[in-house]
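The block underneath contains the structure these notes are about, expressed in structure tokens.
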Amino acid sequence: EKPRKRRYDSAGAFAIDIDCYLDDRPLPSRRGTLAYRLRKYVRRNRLMVSAVGCVALVILTAALIGYYLNRQNAQQQADALLDTLSNSRVERLPSVLADLHPLRHLTRERLEELGQDPKIETRARAQLALIQQGAAPVSTAEEFLLKAQPDELSIYLALLEDHKAALSPTAWTAMEDEELDPQQRLNASAICATFSPDDPRWGGLGEKVAGWMVSSGSVADSRWVSLFKPVAVSLVATLRRIYQDENVSNPRATAAAALAAYLQNDRGEMLGLLETARGPLQLAAITRVLARNPDTRELLAEEAQRPLPLLADEEAQRAAAQKRARLGLALLELGQADQAWPLFQHSPDPETRTQFIHGLADYAINPELLISQLEQETDPGIISAILISLDEFDIASIPQPRREAMRQTLENYYTSAADAGVRSSAEWLMRRWGIADNLAQLDQPLLGKAPEAGRNWYLTKGGDFTMVLL
């Protein structure tokens, strides 16, 4: 017989349990667990639960498919970025690394493989990515920094700015390591210049670094010059000494580029560099910098047009005229020819005109500039100076068809110019250019005739050229 406490109190309680059982509801007489109640609920609402379950299954399936597709797309994007990282131009490196960072969980393994690639450029880019992701020590950058080209080095250093405290000591050690080749020591110097330009050691090493730059030719490369700009004050003295050394040629030309870059904001210094430039390489190096500085170009034009005082010392006058002529040459290089042509005019200072005439060919000014000006010039002094200047150029620098095209202009000067200097210069140039075959025929109408009004020359009956003092 069951214990009394396990029996129904009444027939009504028993009936309630039967009704609940038949309706799939929890029995009041039974202690119901959560699982028991849930099971009863599901049996009671089979259709609704089935519908909800189907919807949940669809949502879960869609979520899983979306996750898979997103991961697949992310992997494809990561693979494409890794290919770009290996093969793109170095200028794109910062943006590629920035795009890679959110995908670092998908790229770590392949980056580690690329970090062992035989090509130094590929290794460098992979190691940079790993360093940025915190997956490689900063010391792995040392190898590729010492072997990088200047355009690569500037970008690598910008990306490693946050690690300069760790890289600077190693770079200083490498810079003073005589067992390293000069190029690696120059790279180490550029790292120190970028990361620790205020280090007192530059006071003693500036001369050595400037010497490396000049001897390697790096000083003629604007990319190297930019890398060392933070320590320019330590390099200028040595570069200036090399620039002023008349016993060397190529080093002077290469030093000019760096000096112009470092001194471009000092108008007086730039004028001084131009006035002492020797040869087309130096002039071109300086004018390339001047082209980016409107203020200095304006000062250059003003200085070139300022009257040169007459000096008692002949050598001093000649030196001053040479400097003034070089300013005119620079104006031509800068495309400011209109401000240079007045130097061709006759003036109380004939030496400047002479130096300017002879400097055009020596400094490799394009002769087409002179020919184009000649076709529109009206000033006799400038015309004769241009004709004399053209004679200074190697005849091979002016093609034969161009010389032939000039024949009519030169013949007009020969027969009709009012100025004797223009006529004589035209004759000499035609003879030098080999287009003087019909001068005798051109002379015939002029033999024995008095000079026309305003013309200061005539030909005697015997064909002698005679000047008239008007």
Side-chain angles (χ1 to χ4, degrees), residues 67-177 179-197 216 218 221-224 226-228 230:
Y67 172 77
Y68 172 78
L69 292 176
N70 285 338
R71 186 175 178 84
Q72 190 176 47
N73 289 336
Q75 187 64 61
Q76 291 175 349
Q77 183 185 2
D79 291 341
L81 285 171
L82 287 172
D83 290 337
T84 303
L85 179 72
S86 301
N87 304 312
S88 67
R89 293 173 58 87
V90 70
E91 292 83 0
R92 291 195 57 195
L93 187 56
S95 63
V96 174
L97 290 177
D99 292 339
L100 270 176
H101 194 70
L103 303 171
R104 54 191 177 278
H105 58 289
L106 300 173
T107 59
R108 180 74 53 81
E109 184 177 345
R110 189 170 169 201
L111 282 173
E112 290 174 350
E113 292 176 2
L114 292 173
Q116 305 301 319
D117 194 271
K119 290 177 61 177
I120 182 68
E121 294 87 355
T122 303
R123 292 203 305 276
R125 297 176 182 198
Q127 292 295 346
L128 272 171
L130 289 169
I131 291 170
Q132 286 197 338
Q133 295 176 10
V138 180
S139 58
T140 57
E142 295 168 8
E143 177 203 11
F144 62 80
L145 287 178
L146 293 182
K147 296 179 180 179
Q149 294 300 310
D151 51 347
E152 298 171 332
L153 186 59
S154 61
I155 291 175
Y156 293 168
L157 294 179
L159 292 168
L160 293 168
E161 174 71 21
D162 292 341
H163 304 283
K164 62 183 180 181
L167 290 169
S168 291
T170 307
W172 280 107
T173 302
M175 184 166 66
E176 299 176 10
D177 187 350
E179 294 184 3
L180 293 178
D181 65 57
Q183 190 59 53
Q184 289 179 312
R185 297 178 74 184
L186 188 64
N187 279 37
S189 304
I191 297 170
C192 295
T194 302
F195 286 161
S196 50
S216 67
S218 301
D221 188 329
S222 60
R223 299 170 301 176
W224 281 114
S226 296
L227 280 168
F228 284 99

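Values reported hereafter were calculated over all heavy atoms of this structure, with side chains retained and with hydrogens, waters and symmetry mates removed.
- In this structure, the side chains of N187 and W224 come closer than 4.5 Å at one or more pairs of heavy atoms.
- Rounding to the nearest 0.5 Å gives a distance of 6.5 Å between CD1 of I155 and CG of L93.
- The number of heavy atoms from other shown groups lying within 6.0 Å of CD (E91) is above 12.
- Proximity of Y156 to I191: side-chain heavy atoms (C-beta onward) are nowhere separated by under 4.5 Å.
- Here OG1 of T107 is found 4.5 Å from CD of Q133. Values are rounded to the nearest 0.5 Å.
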For residues 119-131, which side-chain donor-acceptor pairs fall under 3.5 Å, sequence neighbours excluded?
residue, atom, partner, partner atom, Å
R123, NH1, D117, O, 2.9
R123, NH1, P118, O, 2.9
R123, NH2, E143, OE2, 2.6
R125, NH1, L85, O, 3.0
R125, NH1, S88, O, 2.7
R125, NH2, S88, O, 3.2
Q127, OE1, T140, OG1, 3.4

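- No more than 12 heavy-atom neighbours from other residues, nucleotides or ligands sit within 6.0 angstrom of CD on E109.
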Practice item. Report the C-alpha separation of D83 and R110 in whole Å, then their side-chain angles, then the decisive distance to 0.1 Å, and conclude whether the salt bridge (Lys or Arg N to Asp or Glu O under 4.0 Å) test is met. Key: CA-CA 11 Å; D83 290 337; R110 189 170 169 201; 2.7 Å; yes
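- Atoms OG and CG, on S86 and L111 in that order, are 8.5 Å from each other to the nearest 0.5 Å.
- Side-chain N or O atoms of D151 include none that pairs as donor or acceptor with a backbone N or O of R223 at under 3.5 Å.
- Taking CD of Q183 as the reference point, atom OG of S189 lies at 10.0 Å (rounded to 0.5 Å).
- In this structure, P197 and A193 approach most closely via the heavy-atom pair CB-O, 3.3 Å.
- Rounding to the nearest 0.5 Å gives a distance of 10.0 Å between CG of L114 and CD of Q116.
- Between the CG atom of L145 and the CG atom of L157 there is a distance of 6.0 Å, given to the nearest 0.5 Å.
- A side-chain donor-acceptor contact under 3.5 Å links R104 to the backbone of H101.
- Here the shortest heavy-atom pairing between L180 and R185 reads O-CD, 3.7 Å.
- Taking both residues in full, the closest heavy atoms of L100 and A78 are given as CD2-O, 4.3 Å, listed atom of the first, atom of the second, then distance.
- Among residues two or more places apart in sequence or in another chain, the ring pair (Phe, Tyr, Trp, His ring centres under 6.0 Å) test is passed with F195 by none.
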List the atom pairs, donor and acceptor, that lie under 3.5 Å between side-chain atoms in residues 166-176 and the rest of the protein, sequence neighbours left out.
residue, atom, partner, partner atom, Å
S168, OG, K164, O, 2.9
T170, OG1, E142, OE2, 3.4
W172, NE1, S196, OG, 3.0
T173, OG1, P169, O, 3.1

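- Between the side chains of Q77 and N73, no donor N or O sits under 3.5 Å from an acceptor N or O.
- Residues S226 and P230 share a closest heavy-atom pair of O-CD, 4.0 Å.
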